[in-house]
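Residue numbers start at 1 and run along the sequence shown. Just so it is clear, the model here is predicted, and its values are computed rather than measured.
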Amino acid sequence: MRGRFQWRTSLRIRASRDRLWAIVDDISLIPKYHAEVGKVDLLSGQSTRATGVKYRCTILEGRKGSCVEEVVDYVPGERFATAFPEDTWGISKMLRDFVVDTVLVPHGDFETDVVLEAYYEPIGWKMRVLNALLLRRLMARRALRTIEGAKRLAEAT
């Protein structure tokens with residue numbers, strides 16, 4: 001289940017789709033490109049994505065806490081969708097059916113667009129207003145920083 005479309009962000013990276021896929025498919029690499037994630041626990045016992053795989057991302061600095069993520073759709077080398085069923089901040093109680101699609105779009109052999117699209121339903125009128133005024137833009141900016149981290153990692157080697 002997924003909510004309504006909320007935001008989209010993307011970035012072109014000077015790396016092949018295969019190179020980028022090797023990075024984003026490996027769950028254990030998340031702390032290397034997501035600046036806020038300090039640790040990942042492999043709840044399903046595997047370090048690569050597949051439908052049904054769950055893992056916990058822990059934020060160790062700033063707004064400490066964690067969220068559980070679950071891969072709910074997976075097409076190897078092309079795209080995956082991640083749901084956020086629980087967290088320690090209460091986001092799962094404010095946003096229903098929160099899913100982020102990650103899509104890799106190749107441009108020739110050595111450039112790839114990474115596209116993130118978020119879908120969710122704000123719960124209650126206060127969250128609908130907050131989402132319209134601030135939350136969508138804030139989340140899209142944070143997602144772009146994550147893609148920029150993947151860009152640094154992919155272009156560094």
Side-chain angles (χ1 to χ4, degrees), residues 1-87 89 91-92 95 97-120 131 134-157:
M1 207 60 204
R2 74 179 58 210
R4 284 182 299 169
F5 173 76
Q6 297 292 335
W7 53 261
R8 178 182 200 267
T9 191
S10 65
L11 185 65
R12 184 159 295 172
I13 299 175
R14 288 185 319 265
S16 70
R17 180 170 68 179
D18 290 344
R19 170 75 179 132
L20 275 169
W21 187 258
I23 292 168
V24 299
D25 193 45
D26 187 340
I27 297 164
S28 68
L29 291 179
I30 293 172
K32 293 193 180 296
Y33 62 83
H34 194 304
E36 297 173 356
V37 175
K39 179 177 123 178
V40 174
D41 297 310
L42 305 172
L43 303 178
S44 296
Q46 76 181 66
S47 64
T48 56
R49 296 180 196 271
T51 303
V53 170
K54 290 184 180 182
Y55 51 95
R56 178 181 297 109
C57 292
T58 302
I59 309 300
L60 300 174
E61 296 180 22
R63 191 166 182 218
K64 296 178 183 178
S66 65
C67 66
V68 171
E69 301 183 8
E70 179 180 0
V71 179
V72 294
D73 186 28
Y74 183 81
V75 178
E78 294 180 19
R79 63 182 169 82
F80 58 89
T82 308
F84 301 85
E86 63 183 87
D87 65 275
W89 305 287
I91 295 170
S92 57
L95 305 175
D97 301 328
F98 188 4
V99 174
V100 174
D101 286 340
T102 302
V103 181
L104 303 185
V105 181
H107 289 275
D109 291 336
F110 300 104
E111 286 190 322
T112 307
D113 287 346
V114 178
V115 181
L116 298 180
E117 293 183 341
Y119 301 82
Y120 55 84
N131 187 57
L134 175 69
L135 191 58
R136 280 193 294 217
R137 287 189 304 276
L138 178 66
M139 291 174 80
R141 278 195 304 262
R142 290 178 76 192
L144 181 59
R145 285 196 305 268
T146 300
I147 299 173
E148 289 168 344
K151 174 183 168 97
R152 284 189 296 276
L153 189 59
E155 292 179 354
T157 58

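Considering every non-hydrogen atom in both A15 and T112, the closest pair reads O-OG1, 2.8 Å. When all heavy atoms of D41 and K39 are compared, the pair lying nearest together is OD1-CE, 3.2 Å. The heavy-atom pair separating V99 from A81 by the smallest distance is CG1-CB, 3.9 Å. Closest approach of L116 and A143 over heavy atoms only: CD1-CB, 3.7 Å. Counting all heavy atoms, side chain and backbone alike, Y33 lies closest to V24 at OH-CA, 4.0 Å. In terms of heavy atoms, R19 sits closest to S16 at N-OG, 3.0 Å.
The line from CZ of R137 to OG1 of T9 is 13.5 Å long, rounded to the nearest 0.5 Å. Separation of atoms CD1 (I13) and NE2 (H107) is listed at 11.0 Å; rounding is to 0.5 Å. Between atom OG of residue S47 and atom CG of residue L29 there is a gap of 8.5 Å, rounded to the nearest 0.5 Å. In this structure, the separation between CD1 on I27 and CG on D25 is 7.5 Å, given to the nearest 0.5 Å. Here the CG-NZ distance, from L20 to K151, works out to 10.0 Å after rounding to the nearest 0.5 Å. In this structure, CD1 in I23 is found 11.0 Å from NZ in K32, a value given to the nearest 0.5 Å.
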Can you check side-chain hydrogen bond (donor to acceptor under 3.5 Å, both in side chains) on S92 and D87, steps first, answer last? CA-CA 6 Å; S92 57; D87 65 275; 3.0 Å; yes
Verdict with reasoning, M139 to I91, per side chain to side chain contact (heavy atoms under 4.5 Å, CB included): CA-CA 12 Å; M139 291 174 80; I91 295 170; 5.7 Å; no
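Between R12 and D113, at least one side-chain nitrogen of the basic residue sits less than 4.0 Å from a carboxylate oxygen of the acidic one, meeting the salt-bridge criterion.
Within the 4.5 Å cutoff, side-chain heavy atoms of R56 are placed close to those of V68. Looking at T146 and V37, their side chains never come closer than 4.5 Å, going by heavy atoms from C-beta outward. Using a 4.5 Å cut-off on side-chain heavy atoms (C-beta onward), R145 and E36 make contact. Between R49 and T82, the closest side-chain pair of non-hydrogen atoms falls below 4.5 Å. Side-chain contact between L11 and V114 is absent, with no heavy-atom pair separated by less than 4.5 Å. Side-chain contact check for C57 versus I30: some heavy-atom pair is nearer than 4.5 Å. Residues P31 and V40 have side chains in contact (heavy-atom distance under 4.5 Å, counting atoms from C-beta outward).
Scored by the salt bridge (Lys or Arg N to Asp or Glu O under 4.0 Å) test, R17 finds no partners at all (sequence neighbours excluded).
Panel note: side chain D26, backbone S28; a donor-acceptor pair is recorded below 3.5 Å. Judged by distance alone, the side chain of Q6 and the main-chain N or O of Y120 form a donor-acceptor pair under 3.5 Å.
Each of F98, Y55, W89 was checked for a ring pair (Phe, Tyr, Trp, His ring centres under 6.0 Å) with F84, and the lone residue meeting it is F98. The salt bridge (Lys or Arg N to Asp or Glu O under 4.0 Å) test with E117 singles out one residue from R2, R79, R8, R136, and that residue is R8.
The local environment of CZ in F5 is crowded, with over 12 non-hydrogen atoms from other residues, nucleotides or ligands closer than 6.0 Å.
By the 30° and 60° cut-offs, the orientation of the rings of W21 relative to Y74 is tilted.
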